[in-house]
Amino acid sequence: EKTIIKLGGLLALGFGEAGAEIIGANMRGGHSAGVNAMVPGSKVDAIIGFCNIQNFTDATEVLKEKVMVFVNQIGEIVHGCVDDYHGAPNKNIGDCFLLIWRLSGVSAQRQTKLADMAIMSFVRILAEINKSRVLAVYRDHPGLLQRIPKYRVTMGFGLHCGWAIEGAIGSEFKIDASYLSPNVNVASRLEAACEQFDVWILISHFMINLCSQEMAKVCRLIDHVTVKGSRQPIRLYTLDMDYHALQVQPRKAKIVTRNRFKLRQIREVRKNEKWAEDYTVCEACDADEDIIIMRKRYSPEFFLRFAMAYRNYEAGEWMVARDMLFTCHYSAGKEETPDLGADDEWPEDGPSQVLLLYMKQTHYYPPNDWAGHRELTQK
């Protein structure tokens with residue numbers, strides 16, 4: 001009996017949510033003892049999240065055999081936070097994680113809540129990674145510090161939504177249950193562009209349209225681009241969080257429950273509480289101490305100035321946009337006129353620098369065919 005339970009557990013771990021239909025179809029086909037991997041896929045609507053461990057090549061070369069432990073320590077946080085907010089970890093690709101929130105068959109109200117929870121889960125991952133005592137050990141690793149001064153575990157995140165084909169990929173020798181769609185590629189490209197914009201997350205406007213107005217208001221519109229895999233331009237949003245402000249959790253004694261069934265019960269109760277009508281993600285976000293600390297750095301004045309600069313950038317008023325972007329400082333009160341030619345006077349904000357560098361290529365005059373968006377050439 002225990003062996004059967006273990007086999008069932010391994011199937012659930014190996015296939016994940018996407019593999020439930022494959023397993024079910026094979027169980028129903030009781031006339032054959034063989035496993036038929038070639039089950040047709042099904043089209044579903046989903047929120048697609050992609051996250052990546054940055055500087056992973058250096059970590060692999062330095063940590064060698066221990067890199068598996070390193071990845072799993074991060075994976076435990078990523079998978080736990082996503083599961084807490086009703087998502088499903090789908091695929092682990094070395095340094096990357098594909099994460100899914102299924103929308104098919106869900107009411108519009110719940111889809112909005114799922115969109116908010118997807119964003120919130122990524123915020124919680126960011127906080128937990130930077131507070132983790134286990135991961136903080138790598139900040140003092142001599143090999144990593146030699147490669148990357150002031151090393152710390154950092155991740156990039158991309159969030160998008162749309163249709164995808166859910167099913168089995170592979171052959172009779174090896175199959176993976178996963179999702180195929182241009183929308184998965186878009187989420188991957190958004191994550192890859194995080195380093196270019198010097199932000200921790202990029203969110204498409206499709207996601208912003210799906211989430212609640214309260215959540216959309218805290219996200220900042222930073223660019224309008226075309227990416228490979230999407231037929232129409234995508235407006236890019238980020239959620240400003242200063243994760244360097246978080247302190248590593250102090251060591252404290254805690255009660256450890258070794259009963260896995262009991263742990264699952266506790267987790268399910270915690271998850272079900274998030275579906276309660278009196279639970280709103282934005283209120284939980286406003287009350288979250290970690291988020292309050294991470295948002296403290298950014299003044300309302302900064303967001304107003306950047307929003308005005310961005311509107312002028314998209315409208316083709318690039319000289320006005322340039323002058324406004326040079327006044328975009330995280331802290332309020334900096335009113336002096338900057339030296340526009342001096343590199344050290346450029347704003348520290350990554351998206352502001354990206355827009356300034358792009359406009360500078362044509363001396364802050366838009367091309368004649370400027371349509372309010374540009375091609376995202378860098379991955």
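Not measured: the values here are computed from a predicted model.
- When hydrophobic clusters are built by joining Ile, Leu, Val, Met, Phe, Trp and Tyr residues whose side-chain heavy atoms come closer than 4.5 Å, directly or via intermediates, Val354 is grouped together with Trp200.
- No hydrogens or angles considered: a donor-acceptor pair under 3.5 Å links the side chains of Trp275 and His86.
- In this structure, NE2 in His373 is found 12.5 Å from CG in Leu236, a value given to the nearest 0.5 Å.
- Stacking of Arg220 on the aromatic ring of Phe306 is recorded, both the 6.0 Å distance cut-off and the 45° axial limit being met.
- Linking Ile, Leu, Val, Met, Phe, Trp and Tyr residues whenever their side-chain heavy atoms come within less than 4.5 Å places Met215 and Val106 in a single cluster.
- Asp58 has its side chain within reach of Arg147: a pair of non-hydrogen atoms, C-beta onward, lies under 4.5 Å apart.
- Tyr313 and His224 have their aromatic ring centers separated by at least 6.0 angstrom.
- Heavy-atom minimum distance, Ala193 versus Leu376: CB-CD2, 3.9 Å.
- Annotation: the span from Glu214 atom CD to Glu283 atom CD amounts to 8.5 Å, rounded to 0.5 Å.
- Hydrophobic clustering of Ile, Leu, Val, Met, Phe, Trp and Tyr side chains at less than 4.5 Å, counting indirect connections, unites Ile93 with Val184.
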Between Glu314 and Arg235, does a salt bridge (charged side-chain N to carboxylate O under 4.0 Å, His left out) hold up when you go through it step by step? CA-CA 11 Å; Glu314 198 169 298; Arg235 286 189 166 87; 2.5 Å; yes

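- When the shell of 6.0 Å around CE of Met359 is examined, it contains more than 12 heavy atoms from other residues, nucleotides or ligands.
- Annotation: side chain of Val78 is in contact with side chain of Cys51 (closest heavy-atom distance under 4.5 Å).
- Atom NZ in Lys131 sits 8.0 Å away from atom CD1 in Ile293 (nearest 0.5 Å).
- Side chain of Asn130 to backbone of Leu126: a donor-acceptor contact under 3.5 angstrom is found.
- Within a 6.0 Å radius of CD in Gln146, no more than 12 heavy atoms belonging to other residues, nucleotides or ligands are found.
- To the nearest 0.5 Å, atoms NE2 (His363) and CZ (Arg322) are separated by 12.0 Å.
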Run the numbers on Ile201 and Glu191 for side-chain contact (heavy atoms from CB on, under 4.5 Å), then give the verdict. CA-CA 7 Å; Ile201 188 170; Glu191 178 278 314; over 6 Å; no

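- In summary, the aromatic rings of Tyr179 and Trp163 are positioned with their centroids too far apart to meet the 6.0 Å limit.
- When hydrophobic clusters are built by joining Ile, Leu, Val, Met, Phe, Trp and Tyr residues whose side-chain heavy atoms come closer than 4.5 Å, directly or via intermediates, Ile222 is not grouped with Val320.
- Met155 places a side-chain heavy atom less than 4.5 Å from the side chain of Phe97.
- Contact record, Ser204 with Cys161: OG-N, 4.4 Å, taken as the closest heavy-atom pair.
- Separation of the Trp370 and Tyr365 ring centroids does not fall under the 6.0 Å cut-off.
- Using a 4.5 Å heavy-atom cutoff, the side chains of Tyr151 and Asp140 are not in contact.
- Taking the six-membered ring for Trp and the full ring otherwise, Phe157 and Phe50 have centroids separated by 6.0 Å or more.
- A salt bridge links Arg270 with Asp84: at least one charged nitrogen is closer than 4.0 Å to a carboxylate oxygen.
- Atom NZ of Lys271 has more than 12 neighbouring heavy atoms from other residues, nucleotides or ligands inside a 6.0 Å radius.
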Go through it in stages, so that I can follow the logic: the residues are Glu76 and Ile74, the test is side-chain contact (heavy atoms from CB on, under 4.5 Å), and I'd like the CA-CA distance, side-chain angles, deciding distance and then a yes or no. CA-CA 5 Å; Glu76 186 177 20; Ile74 296 171; over 6 Å; no

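- Both Val199 and Tyr358 belong to a single network of hydrophobic side chains, linked directly or stepwise wherever heavy atoms of I, L, V, M, F, W or Y lie under 4.5 Å apart.
- Glu61 CD: more than 12 foreign heavy atoms inside a 6.0 Å radius.
- The closest side-chain heavy-atom distance from Thr327 to Met324 is below 4.5 Å.
- Here the shortest heavy-atom pairing between Ile291 and Cys285 reads CD1-SG, 3.6 Å.
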side-chain contact (heavy atoms from CB on, under 4.5 Å) for Leu159 and Leu190? Distances and angles first, verdict last. CA-CA 7 Å; Leu159 259 181; Leu190 294 184; 6.0 Å; no

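- Residues Ile125 and Cys81 share a closest heavy-atom pair of CG1-CB, 3.5 Å.
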Under the criterion salt bridge (charged side-chain N to carboxylate O under 4.0 Å, His left out), I'd like the reasoning laid out for Glu166 against Arg102: C-alpha separation, chi angles, the key distance, then a yes or no. CA-CA 10 Å; Glu166 176 186 77; Arg102 285 185 60 168; 3.2 Å; yes

Decide side-chain contact (heavy atoms from CB on, under 4.5 Å) for Phe197 and Leu202; before the verdict, give the C-alpha distance in whole Å, the side-chain angles of both, and the deciding distance to 0.1 Å. CA-CA 9 Å; Phe197 286 91; Leu202 284 174; 4.0 Å; yes

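- Taking the six-membered ring where the residue is Trp, the centroids of Phe326 and Trp346 are separated by under 6.0 Å.
- Residues Ala127 and Leu246 come closest through the heavy atom pair CA-CD1, 3.7 Å.
- For Asn72 (side chain) and Met68 (main-chain N/O), a donor-acceptor pair under 3.5 Å exists by modelled atom type.
- Nearest heavy-atom pair across Pro347 and Gln353 is O-NE2, 2.7 Å.
- Side chains of Leu355 and Leu325 form a contact here, defined as non-hydrogen atoms less than 4.5 Å apart.
- For the residue pair Asp349/His329, the side-chain donor-acceptor check at 3.5 Å is not satisfied.
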Does His160 form a ring-ring contact (aromatic ring centres under 6.0 Å, His included) with Phe206? I'd like the steps, not just the answer. CA-CA 7 Å; His160 184 53; Phe206 297 99; 5.4 Å; yes

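- Between the side chains of Thr226 and Glu375, no donor-acceptor pair of N or O atoms lies under 3.5 Å.
- When only modelled atom types and interatomic distance are considered, Gln73 and Tyr138 share a side-chain donor-acceptor pair under 3.5 Å.
- Proximity of Ile77 to Ser132: side-chain heavy atoms (C-beta onward) are separated by under 4.5 Å at one or more points.
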Name each donor-acceptor pair under 3.5 Å that joins a side chain in residues 112-124 to protein atoms two or more places apart or in another chain, with its distance.
| unit_1 | atom_1 | unit_2 | atom_2 | d |
| --- | --- | --- | --- | --- |
| Thr112 | OG1 | Ala108 | O | 3.2 |
| Thr112 | OG1 | Leu210 | O | 3.3 |
| Lys113 | NZ | Lys274 | O | 2.9 |
| Lys113 | NZ | Ala276 | O | 2.9 |
| Lys113 | NZ | Tyr279 | O | 2.8 |
| Asp116 | OD1 | Ser212 | N | 3.0 |
| Asp116 | OD1 | Ser212 | OG | 3.4 |
| Asp116 | OD2 | Ser212 | OG | 2.7 |
| Ser121 | OG | Ala118 | O | 2.7 |
| Arg124 | NH1 | Asp288 | OD1 | 3.2 |
| Arg124 | NH1 | Asp288 | OD2 | 3.0 |
| Arg124 | NH1 | Asp290 | OD2 | 3.2 |
| Arg124 | NH2 | Glu128 | OE2 | 2.5 |
| Arg124 | NH2 | Asp290 | OD2 | 3.1 |

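- For Thr60, the side-chain contact (heavy atoms from CB on, under 4.5 Å) partners two or more places apart in sequence, or in a different chain, are Phe56, Val67.
- For Arg297 and Tyr330, the positive end is not near the middle of the six-membered ring at less than 6.0 Å and at most 45° from its axis.
- Leu103 is listed as a side-chain neighbour of Ile47, based on a closest heavy-atom distance under 4.5 Å.
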